[in-house]
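Each remark here refers to the structure printed beneath this line.
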Amino acid sequence: MHRPVARTLPLLAVVAALVSTGAAPPSAAGAPAPPAKVPVAAGYGGAVASVDADASAVGIGVLRSGGNAVDAAVATAAALGVTEPYSAGIGGGGYFVYYDATSRRVHTIDGRETAPASATATLFQENGVPIPFAEGQTSGLGVGVPGTPATWTSALDAWGTRRLPQLLKPAEKLARDGFTVDSTFRAQTELNEARFRDFPDTSKLFLPGGALPVVGSTFKNPDLAATYAELARKGTGALYRGPIAEEIVRTVRTPPVDPAATRIVRSGDLTTRDLRAYATKRQDPTRVGYRGLDVYGMAPSSSGGTTVGEALNILERTDLSKLSETQYLHHFIEASRISFADRGRWVGDPAAVRVPTRELLSQRFADSRACLIKPDRTLTSPLAPGDPRNPVPCATTGQAAPTTYEGENTTHLTVADRWGNVVSYTLTIESTGGSAITVPGRGFLLNNELTDFSFAPAAPGVPDPNLPGPGKRPRSSMSPTIVLEEGRPVLAVGSPGGATIITTVLQTLTEHLDRGLPLVDAIAAPRASQRNQTTTELEPGLWNSPLRASLEALGQGFRQNPEIGAATGVQRLPDGRWLAAAETTRRGGGSAMVVHPHGRP
């Protein structure tokens with residue numbers, strides 16, 4: 001078993017490490033401009049990487065004032081609820097993975113949304129037939145009980161050093177004073193314009209004056225500022241009981257639709273009892289050994305930890321560092337295909353179905369599946385699953401089922417502090433713009449997370465662990481990941497992107513650990529995503545590459561996807577500095593910052 005390939009920082013990292021994390025001068029629009037977006041930075045005192053410069057700056061401010069990684073993660077997430085409202089916010093949920101430097105242990109919080117107690121396997125069916133996806137997406141029917149506010153409280157109670165009111169203050173100020181609209185925010189608003197116009201409260205907030213927000217203008221959300229102030233005073237429990245909870249329930253059960261709208265908007269069956277009953281789950285992470293490292297991830301209800309872990313186990317027996325680029329991508333694609341076949345058959349909410357997590361992550365099972373990979377030909381999808389409870393070499397079990405659709409917009413942040421604590425946190429409201437329904441007067445969008453359930457069994461006669469059920473958590477692909485070596489952090493990564501999250505994290509890990517790319521370059525590398533589907537998605541950088549033809553010669557088939565994922569990560573460098581890395585171009589580029597970029601304080 002070889003050690004990870006030695007890594008050196010590219011010129012980009014050296015230059016970026018010299019960039020100050022201070023705010024830029026006021027913009028022409030009159031509002032303070034956000035700090036410049038820099039995709040990589042290295043220094044001491046801690047690091048934050050997110051998609052947004054304002055949010056990363058909030059986290060850095062918490063670290064600079066003496067807060068730890070958990071404090072900074074919560075504050076950064078709250079700020080993302082302001083500047084990335086179509087991806088995350090207090091109307092959604094997520095998964096929080098934390099490395100404690102004192103105990104050298106990894107902990108996780110499942111803050112996934114839950115279905116109402118009244119939900120059944122036919123939640124998204126009418127007369128025995130699944131409803132159109134769009135009618136579940138833009139509806140009260142798709143809204144689950146939010147988990148994000150409870151996640152913040154759970155994390156702070158367990159490991160934080162700052163009180164919630166202090167950590168919400170920067171986000172409250174950002175919502176009240178406003179942030180500068182960029183091209184990504186405008187484009188995402190435009191993508192949702194037709195949906196938003198059907199809900200007067202949403203339209204009033206996100207289409208000010210009835211028009212798309214102008215790039216360079218200041219976007220303010222005083223309703224969200226007031227909601228954050230109320231949560232600061234009363235605690236996040238105020239979202240689960242009392243006036244806010246009642247307003248959420250009223251909005252879900254009677255969606256406030258424009259009378260002139262022609263869209264079919266279905267009501268949900270969420271109750272105040274469902275909100276009062278919500279609780280996060282503290283649970284053990286998944287863990288696999290890979291190249292002498294320990295890779296920790298999120299256990300079910302997320303499928304991220306099991307699917308990334310199984311794929312890494314499948315690839316463990318192959319020295320990816322010595323393969324050609326064609327063969328590396330071929331093995332990566334095939335390992336992804338196999339692990340997604342097993343995910344679809346076996347992974348759901350373990351509170352509702354039996355999930356063989358330990359068996360899925362066993363090297364014995366991975367070896368029984370790895371022998372399906374041939375260097376000169378391609379497997380056919382949908383591939384049938386294996387049976388992790390009784391692994392048989394090169395065998396598949398039962399009938400194949402295709403991978404169901406999962407919304408692609410989410411956000412991810414990674415944080416490290418001066419004590420060596422690390423957080424990898426993925427949070428979401430599901431589709432870009434969630435359900436498109438704003439809680440009147442509250443300034444946040446509700447999720448449509450229940451559409452992550454299968455509307456019907458993925459294939460007739462094939463057991464589907466991801467059908468709706470009472471209080472059930474829909475299966476997720478969120479894959480916040482932390483990698484340790486001898487009990488100490490090496491790096492942490494994660495990404496948005498629906499089911500492409502799994503392949504994004506897997507490709508980033510293997511590009512960095514096996515292929516030797518610096519973390520920022522591994523994040524920037526053009527991506528492929530195979531999810532047990534007939535064709536593999538390719539970004540333009542691979543679609544327009546000679547590699548596509550060489551992979552097609554092996555039998556691989558492809559379709560284009562203009563953008564897959566939007567990862568962030570942090571890495572501990574050999575000299576004790578932290579490196580933060582984010583996207584160079586995807587979603588307009590990400591924001592990497594460190595507390596002391598110029599040396600020790």
Side-chain angles (χ1 to χ4, degrees), residues 16 19-23 32 34-84 87-90 94 96-99 101 148 151-152 155-156 159-175 179 228 411-427 480 482 489 492-494 496 566-572 577-583 589-597 601:
V19 176
S20 171
T21 60
K37 275 192 174 183
V38 177
V40 62
Y44 296 98
V48 178
S50 81
V51 73
D52 180 73
D54 283 314
S56 293
V58 165
I60 287 293
V62 171
L63 294 177
R64 187 171 286 141
S65 69
N68 70 8
V70 173
D71 304 324
V74 169
T76 303
L80 287 170
V82 179
T83 60
E84 287 278 300
S87 300
I90 55 175
F96 194 101
V97 179
Y98 168 63
Y99 168 78
T148 291
T151 299
W152 296 349
L156 292 173
W159 312 298
T161 66
R162 296 288 188 268
R163 296 175 62 247
L164 182 67
Q166 182 180 353
L167 299 174
L168 289 181
K169 273 291 182 189
E172 179 190 337
K173 184 177 189 301
L174 189 59
F179 63 92
Y228 275 165
T411 196
H412 181 83
L413 62 96
T414 40
V415 182
D417 65 30
R418 62 186 177 186
W419 299 283
N421 303 302
V422 177
V423 171
S424 186
Y425 182 21
T426 313
L427 58 161
I482 295 178
V493 294
T568 71
V570 296
Q571 177 187 5
R572 191 67 183 253
R577 291 181 300 156
W578 284 107
L579 178 140
E583 296 287 355
S591 174
M593 297 183 182
V594 292
V595 174
H596 298 292

N/O donor-acceptor pairs under 3.5 Å from side chains in residues 36-51, not counting sequence neighbours:
unit_1	atom_1	unit_2	atom_2	d
Lys37	NZ	Val51	O	3.0
Lys37	NZ	Gly589	O	2.7
Ser50	OG	Asp52	N	3.1
Ser50	OG	Asp52	O	2.9
Ser50	OG	Ser56	OG	2.8

Exercise for the section: Would you check, one step at a time, whether the test side-chain contact (heavy atoms from CB on, under 4.5 Å) holds for Tyr425 with Thr151? Expected result: CA-CA 10 Å; Tyr425 182 21; Thr151 299; 3.9 Å; yes
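Going from atom CH2 of Trp152 over to atom CG of Leu167 covers 10.0 Å, rounded to the nearest 0.5 Å. Atom CZ in Phe96 sits 11.5 Å away from atom OG1 in Thr148 (nearest 0.5 Å). Note that CG of Leu80 is 9.5 Å distant from CG of Asp54, once rounded to the nearest 0.5 Å.
In terms of modelled atom types and a separation under 3.5 Å, the side chain of Tyr228 and the main chain of Ala175 share no donor-acceptor contact. The main-chain N or O of Val493 is found under 3.5 Å from a side-chain atom of Ser424 such that the two form a donor-acceptor pair.
Note on residues 159-174: pairs passing salt bridge (Lys or Arg N to Asp or Glu O under 4.0 Å), not counting sequence neighbours, are Lys169-Glu172, Glu172-Arg176, Lys173-Asp177. Sorted by first and then second residue, the pairs that involve residues 65-82 and meet side chain to side chain donor-acceptor pair (under 3.5 Å), not counting sequence neighbours, are Asp71-Thr161.
What you find for Arg64 and Val595 is that their closest heavy atoms are NH2-O, 3.1 Å. Ala171 approaches Ala79 most closely through the heavy-atom pair CB-N, 3.7 Å. Heavy atoms only, all atoms of each residue included: Thr411 and Ala88 are closest at CG2-CB, 3.6 Å. Nearest approach of Ala69 to Asp417, heavy atoms of both residues: N-OD2, 2.8 Å. Between Pro496 and Ala567, the shortest heavy-atom contact is CD-N, 4.5 Å. Nearest heavy atom pair, residue Ala155 against residue Val70, reads O-CG1, 3.7 Å.
Under the salt bridge (charged side-chain N to carboxylate O under 4.0 Å, His left out) criterion, Glu84 pairs with Arg587, not counting sequence neighbours. Residues meeting the side chain to side chain contact (heavy atoms under 4.5 Å, CB included) test with Ala72, sequence neighbours left out: Val62, Leu63, Val415. Partners of Thr568 under the side chain to side chain donor-acceptor pair (under 3.5 Å) rule, at least two apart in sequence or in another chain, are Thr414. Applying the side chain to side chain contact (heavy atoms under 4.5 Å, CB included) test to Ala416 and every residue at least two apart in sequence or in another chain returns Val422, Val570, Trp578. For Ala581, the side chain to side chain contact (heavy atoms under 4.5 Å, CB included) partners at least two apart in sequence or on another chain are Leu519, Val520, Ile523, Leu579. By the side chain to side chain donor-acceptor pair (under 3.5 Å) test, Tyr98 is found to be paired with Asn421, residues two or more places apart in sequence or in another chain being considered.
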